[in-house]
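Note sheet for the following structure.
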There are 2 protein chains.
Amino acid sequence: MAAVKISMIEDNNVIRKNVMKFVARHEEFEVMEVFASMESFLHHLNVHPDFSVDILLLDIGLPGLSGIEGIPLIKEKLPNTDIIMLTTYEEEHMILKAICSGACSYLSKKSSLDEIVEAIRVVANGGSYMSPSIAREIVQYLMGGKLQKTTILTERQKEILNGLVDGKTYKAIGKDLYISQHTVKCHIKKLYQVLQVNNKAEAIAMYLRGEIE
Amino acid sequence: MAAVKISMIEDNNVIRKNVMKFVARHEEFEVMEVFASMESFLHHLNVHPDFSVDILLLDIGLPGLSGIEGIPLIKEKLPNTDIIMLTTYEEEHMILKAICSGACSYLSKKSSLDEIVEAIRVVANGGSYMSPSIAREIVQYLMGGKLQKTTILTERQKEILNGLVDGKTYKAIGKDLYISQHTVKCHIKKLYQVLQVNNKAEAIAMYLRGEIE
DNA sequence: TCTCCTATAACCCGATTGGGTTGTTTTGCT
DNA sequence: AGCAAAACAACCCAATCGGGTTATAGGAGA
């Protein structure tokens, strides 16, 4: 198998050089150009349209265009490049945003060089590496306090809520459930009381955020 | 620190004995009673209300009450026990269901004994261990085909959409952004065209399902 | 049996929304 | 400099929504 091509975007010179030097010692990896900013990387992509890498190590806290903001731009040009985020900021929303944007792995900068290389190997083999603390946060998010939130809604209310989420009008929901639109409205009024919201938008948001049922 | 108390629910005698024998060799772990079915475990909990473990290895494909179905029941009695799922079924929905139910780690049965012990250590330290292939699936789920959907919305439209998602009226959004409600409506009209929806509900649903930005 | 709750249905009324048109101004790109 | 796009603003109008009240029928539980 050909060597796995690696690149890195990291503004801290010391970290960038150390990591890439260590990676380069492993002969299954081929270290490509590295960059100190998202802008310089994107510029390089424009100037060299043929440039590609298999795995990109990406700092989340870059000055200027941040790592997260850059992910979609990178994926646009290099859809087959796997991105490993490197970061000191382990805040939940950052992590989720990065993963949702297309990063496939997430490493704390506290990780050892060996751990970084291990992560690269995992990703090269089609897996996804997560630092334990980060995995834990993702799990927390997925669970989303969903425990012990055993349905407060009646069956009918759930059916109606589903209609709302689908963007249906009262009339359409009534038609679906073979009841009048008046009745639909009546259910919805009670629904709002139970959920402590005042309109469709909030009810839908609550439902889709998984805070119900 | 006291030994970490470990138990296991697994119907396959060979696997159960091998794993627990290996775990027992590590003196930081204390192997407790093990069980061949969810029912016998739950029964044990009822008979011995003081029984507790720190970490429970749980087979997902148990006969009778499955591992996933049992998680909420276990969590009810032992809220502080961390659950590590062991499984051959790596299907996405199984994994997500297990995690959403309260499992904190997920191991493929292909994992080596060393990997299992490593996972236990990680969990005992408050982390969460994921097999690379499973981490990948979770990442896939979180990304949800969201790639190459590089923002179609303008900055202004995003701000407005955020207002909608928060359940605000046009008027309130206008106030927030220092523009008139007419203008807000105008933006929303264009927004709907771009997203190909006809009302707030669908736009919010699209946003919260992560199909935007 | 007699409540309590849910589901059903209807009415009124004001506020909000969605869709249409028509503009001016600013901004970005060529 | 000039064009296109986006942001801004206002008008009309019909449909929808949110909140209030009132009322009947059926099922669960005290």
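By convention in this document, chain letters (A, B, ...) are assigned in the order of the sequence lines, proteins followed by strands, and residues within each chain are numbered from 1.
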Flag side-chain contact, heavy atom, 4.5 Å: B:L57 against B:V19 = yes
query = Can you tell if the side chain of B:L73 reaches within under 4.5 Å of the side chain of B:M38, non-hydrogen atoms only?
reply = no
request  = Taking all heavy atoms of A:I204 and all of B:L208, pick out the closest pair and write down the distance.
outcome  = O-CD1, 4.3 Å
remark   = As a check of understanding: the bend across the helix from C:dT1-D:dA30 to C:dT30-D:dA1, end axes from five pairs, rounded to 10 degrees, works out to 60°
remark   = When rounded to whole Å, the CG to C1' distance for the pair B:L195 and C:dG19 reads 16 Å
query = Rounded to the Å, how far apart are B:L177 CG and D:dC8 C1'?
reply = 12 Å
key: Whole-Å distance separating the CD atom of A:Q193 from the C1' atom of D:dG20   = 11 Å
key: Polar contact flag, side-chain donor to acceptor under 3.5 angstrom, B:Y192-B:N199   = no
key: Over all atoms of both residues, closest heavy-atom pair of A:S40 and A:A36   = OG-N, 3.9 Å
Pairs under 3.5 angstrom, nitrogen or oxygen only, protein versus nucleotides 16-19 of chain D, please.
| from | atom 1 | to | atom 2 | distance (Å) |
| --- | --- | --- | --- | --- |
| D:dT16 | OP2 | A:K171 | NZ | 3.4 |
| D:dC17 | OP1 | A:K200 | NZ | 2.7 |
| D:dC17 | OP2 | A:Y170 | N | 3.1 |
| D:dG18 | OP1 | A:K200 | N | 3.0 |
| D:dG18 | OP2 | A:Y170 | OH | 2.2 |
| D:dG18 | OP2 | A:Y192 | OH | 3.1 |
| D:dG18 | O3' | A:N198 | O | 3.4 |
| D:dG18 | O6 | A:K185 | NZ | 2.7 |
| D:dG19 | O6 | A:K185 | NZ | 2.3 |

key: Nearest heavy-atom neighbours spanning A:I55 and A:V123   = CD1-CG1, 3.8 Å
ask   = Closer than 4.0 Å, any side-chain N/O of A:S180 to the OP1 or OP2 of C:dT8?
value = no
Closest contact, heavy atoms only, A:V53 versus A:L56 = CG2-CB, 4.4 Å
remark   = dist A:F22:CZ -> A:S112:OG (nearest 0.5 Å) comes out at 7.5 Å
request  = Whole angstrom is fine here: how far is it from CD1 in B:I173 over to P in C:dG18?
outcome  = 10 Å
inquiry  = Quick check on side chain to side chain donor-acceptor pair (under 3.5 Å): which of A:R16, A:K17, A:E10 does A:N13 satisfy it with?
reply    = A:R16
request  = Mind calculating the distance between CD (B:E202) and C1' (C:dG18) to the nearest angstrom?
outcome  = 12 Å
query = Once you round it to whole Å, what is the distance between C1' of D:dA10 and NE2 of B:H182?
reply = 6 Å
Residues forming a salt bridge (charged side-chain N to carboxylate O under 4.0 Å, His left out) with B:E159, sequence neighbours excluded = B:R156
Name the pairs: protein N/O against N/O of nucleotides 28-30 of chain C, kept only if under 3.5 Å.
none

inquiry  = Any heavy-atom pair between the side chains of A:L86 and A:I60 that's under 4.5 Å?
reply    = no
Protein-nucleic acid N or O pairs under 3.5 Å, nucleotides 3-7 of chain C:
| from | atom 1 | to | atom 2 | distance (Å) |
| --- | --- | --- | --- | --- |
| C:dA7 | OP1 | A:T154 | OG1 | 3.0 |
| C:dA7 | OP1 | A:R156 | N | 3.4 |
| C:dA7 | OP2 | A:T154 | OG1 | 3.2 |

inquiry  = Side chains of A:Y129 and A:E115 only: does a donor on one sit below 3.5 Å from an acceptor on the other?
reply    = yes
message = Tell me every residue that passes ring-ring contact (aromatic ring centres under 6.0 Å, His included) with A:F35, counting only those two or more places apart in sequence or in another chain.
response = A:F41, A:H44
